[in-house]
Amino acid sequence: MLEEVERWLADRSWPAADRPLGRLLERKRASGATVSVVLPALDEEATVGAIVEVIRRDLIEGLPFPLVDELVVVDSGSSDRTAEVAAKAGARVVHRDSILPRLPAVPGKGEVLWRSLLATTGDIVCFVDADLRDFSSAFVSGIVGPLLTEPDVQFVKAMYDRPLGDAPGQGGRVTELVARPLLNLHWPRLAGFVQPLGGEYAVRRSLLERLPFPVGYGVELGLLVDALHTVGLDALAQVDVGVRLHRHQDGQALGRMAAAIYRTAQLRLSRGHSPGHRRGYPQVRPALTQFERGPEGFVARTYAVDTEERPPMLEIEEYAIRRVA
């Protein structure tokens with residue numbers, strides 16, 4: 001590990017308990033900063049309501065004033081009761097397609113996160129996945145905390161243990177098999193992040209609006225790498241929030257996720273960090289072929305790998321107009 005990363009781990013990695021809620025409220029009142037929490041959701045009726053209820057109970061209601069000013073669920077076309085359950089629990093529900101309607105939406109988590117910048121106003125934007133079980137409000141207060149108490153910090157990732165069934169620490173298979181090797185090999189200054197692909201992170205809007213968003217599963221890796229190059233390692237941090245329980249995907253879905261993440265990394269390497277690419281080496285083919293057994297043997301199925309990225313939100317006219325107003 002680089003000496004710079006060892007120092008960063010000592011200076012920029014904290015447990016959530018380091019910043020009690022009372023201290024955060026004091027800093028929030030003094031700074032005047034506002035906080036938006038965004039839950040991207042697709043068919044998450046089983047879990048989204050409980051997450052919203054916990055955030056409302058612990059971080060909005062029953063406090064001298066709220067830590068969270070906006071709680072928004074962005075529904076990306078659920079076929080179940082996700083929107084109804086979230087609204088009943090107390091969130092403002094916005095459909096992905098109603099945000100920036102002149103620009104047709106494409107499928108993908110990154111697309112939803114990108115559009116959420118137009119649906120929220122907070123100075124700090126906190127993203128939380130909607131499939132978490134046994135949710136704790138520390139997932140929000142923990143990662144928002146450093147942005148309220150440390151003026152130089154701009155981007156905070158949650159870190160946690162990810163059990164797989166009864167096996168502790170065995171979740172995060174794409175992280176260990178794809179993302180961590182990529183970061184260690186190409187962006188070793190990011191090697192200290194425990195959960196680089198985790199869906200729980202809080203960022204100052206002033207940084208988020210300057211970053212491009214991969215539309216699919218590569219969004220977490222892309223934002224992290226681009227934040228490093230935009231504001232530097234010391235502006236990034238991570239907070240230990242305990243244990244993350246969520247729905248795990250099957251192996252083939254993880255393969256498609258891994259391909260999207262690799263493609264996201266390849267695009268960034270080709271933007272000036274890959275001498276081989278500039279010498280004319282071939283582009284990575286944006287497709288993944290997988291195999292499923294059928295009645296007559298194995299059948300090949302080829303899936304497109306996400307290649308599209310949305311530009312920094314500052315470049316979108318509607319956002320720029322709203323920002324000036």
Side-chain angles (χ1 to χ4, degrees), residues 7-40 51-52 54-72 90-92 113 116-117 119-129 132 135-160 192-196 198-211 220 223-224 226-228 230-242 244 313 323:
R7 176 193 56 76
W8 177 85
L9 277 169
D11 294 342
R12 288 289 187 259
S13 297
W14 303 287
D18 272 8
R19 294 172 176 80
L21 184 56
R23 180 186 174 199
L24 299 185
L25 292 176
E26 290 175 3
R27 291 300 183 93
K28 183 173 185 286
R29 172 177 282 172
S31 68
T34 53
V35 177
S36 299
V37 175
V38 174
L39 278 68
I51 297 172
V52 170
V54 169
I55 294 172
R56 287 198 63 84
R57 182 194 68 207
D58 293 353
L59 304 179
I60 298 177
E61 300 168 350
L63 298 175
F65 59 92
L67 182 71
V68 172
D69 300 282
E70 284 184 312
L71 177 51
V72 180
R92 176 163 64 91
L113 300 184
S116 76
L117 295 183
T120 56
T121 60
D123 303 308
I124 295 168
V125 182
C126 175
F127 297 122
V128 176
D129 281 350
L132 304 188
F135 178 76
S136 165
S137 59
F139 273 76
V140 173
S141 60
I143 57 178
V144 167
L147 298 173
L148 293 173
T149 62
E150 310 292 332
D152 296 335
V153 172
Q154 298 199 44
F155 189 120
V156 184
K157 295 280 290 192
M159 56 178 168
Y160 33 68
F193 276 94
V194 176
Q195 296 292 352
E200 290 69 48
Y201 46 104
V203 192
R204 296 192 193 279
R205 178 177 293 270
S206 57
L207 172 59
L208 269 182
E209 65 189 12
R210 296 156 58 195
L211 303 179
E220 272 80 30
L223 291 177
L224 190 60
D226 291 342
L228 173 70
T230 303
V231 295
L233 182 60
D234 284 340
L236 315 182
Q238 59 185 350
V239 172
D240 188 348
V241 297
R244 185 186 198 266
M313 188 56 81
R323 191 170 180 268

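One is the number of the first residue; the rest follow in order along the sequence.
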Checklist entry - Once you round to the nearest 0.5 Å, how far does CD1 of Ile60 lie from CZ of Phe65? => result 13.5 Å
Checklist entry - Is a side-chain N or O of Arg244 found less than 3.5 angstrom from the main chain of Tyr160, in a donor-acceptor match? => result no
Next on the checklist: One thing to verify: whether Asp123 and Lys28 come together as a salt bridge, which I'm taking to mean a side-chain N less than 4.0 angstrom from a carboxylate O.
Outcome noted: no
Next on the checklist: Any side-chain to backbone donor/acceptor pair from Asp69 onto Val35? Under 3.5 Å, distance only.
Outcome noted: yes
Next on the checklist: Please determine whether the number of non-hydrogen atoms from other residues, nucleotides or ligands lying under 6.0 Å from atom CZ of Arg29 exceeds 12.
Outcome noted: no
Checklist entry - Trp8 side chain to Gly192 main-chain N or O, any donor-acceptor pair under 3.5 Å? => result no
Checklist entry - Between the side chain of Arg56 and the main-chain N/O of Ala91, is any donor-acceptor distance below 3.5 Å? => result no
Checklist outcome for this item: Tightest non-hydrogen contact, residues Ser141 and Leu24, listed as O-CD1, 3.5 Å
Item to check | Reported CZ-to-CG distance for the pair Phe155 and Leu207, which is rounded to 0.5 angstrom | outcome: 7.5 Å
Item to check | Result of checking Val156, Val68, Leu147, Val144 against Cys126 for side-chain contact (heavy atoms from CB on, under 4.5 Å) | outcome: Val144
Item to check | 4.5 Å side-chain heavy-atom contact, Val241 and Val140 | outcome: no
Checklist entry - Quick one: are Lys157 and Pro196 in side-chain contact, heavy atoms under 4.5 Å? => result no
Checklist entry - Just by modelled atom types, is the Ile143 backbone N or O under 3.5 Å from a matching donor or acceptor in the Arg19 side chain? => result no
Checklist entry - Would a distance-only check, ignoring hydrogens and angles, find a side-chain to backbone donor-acceptor pair under 3.5 Å from Gln238 to Val194? => result yes
Checklist entry - Looking only at heavy atoms, which two atoms of Gly122 and Thr34 are closest? And how far apart? => result CA-OG1, 3.4 Å
Item to check | Contact summary for Ile55 and Phe135, nearest pair of heavy atoms | outcome: CG1-CE2, 3.6 Å
Next on the checklist: Once rounded to the nearest 0.5 Å, what's the spacing between atom CG of Leu233 and atom CG of Asp11?
Outcome noted: 10.0 Å
Next on the checklist: To the closest 0.5 Å, what do you measure between CD (Glu200) and CD (Glu220)?
Outcome noted: 8.5 Å
Next on the checklist: Between Arg23 and Asp18 (salt bridge meaning N to carboxylate O under 4.0 Å), is one present in this structure?
Outcome noted: no
Checklist outcome for this item: Rounded to the nearest 0.5 Å, the CZ atom of Arg210 sits from the CD atom of Gln154 at a distance of 6.5 Å
Item to check | Considering all heavy atoms, the nearest Ser116-Phe127 contact | outcome: OG-CE2, 3.5 Å
Item to check | Test item: Leu236 and Leu228 side chains (from C-beta on) under 4.5 Å apart, heavy atoms | outcome: yes
Next on the checklist: Show the nearest heavy-atom pair for residues Tyr201 and Val203, with the distance to one decimal.
Outcome noted: CD1-CG2, 3.9 Å
Checklist entry - Would Arg7 and Asp234 satisfy side-chain contact (heavy atoms from CB on, under 4.5 Å), going step by step from the backbone distance to the final call? => result CA-CA 10 Å; Arg7 176 193 56 76; Asp234 284 340; 3.2 Å; yes
Item to check | Side chain to side chain, Asp152 and Arg12, heavy atoms closer than 4.5 Å | outcome: yes
Checklist entry - Of all heavy-atom pairs between Glu70 and Thr121, which one has the smallest distance, and what is that distance? => result OE1-N, 2.8 Å
Checklist entry - If we ignore angles and hydrogens, is there a donor and acceptor under 3.5 Å between the side chains of Arg57 and Ser137? => result no
Item to check | Point-to-point distance, once rounded to the nearest 0.5 Å, from CG of Leu59 to CG of Leu71 | outcome: 9.5 Å
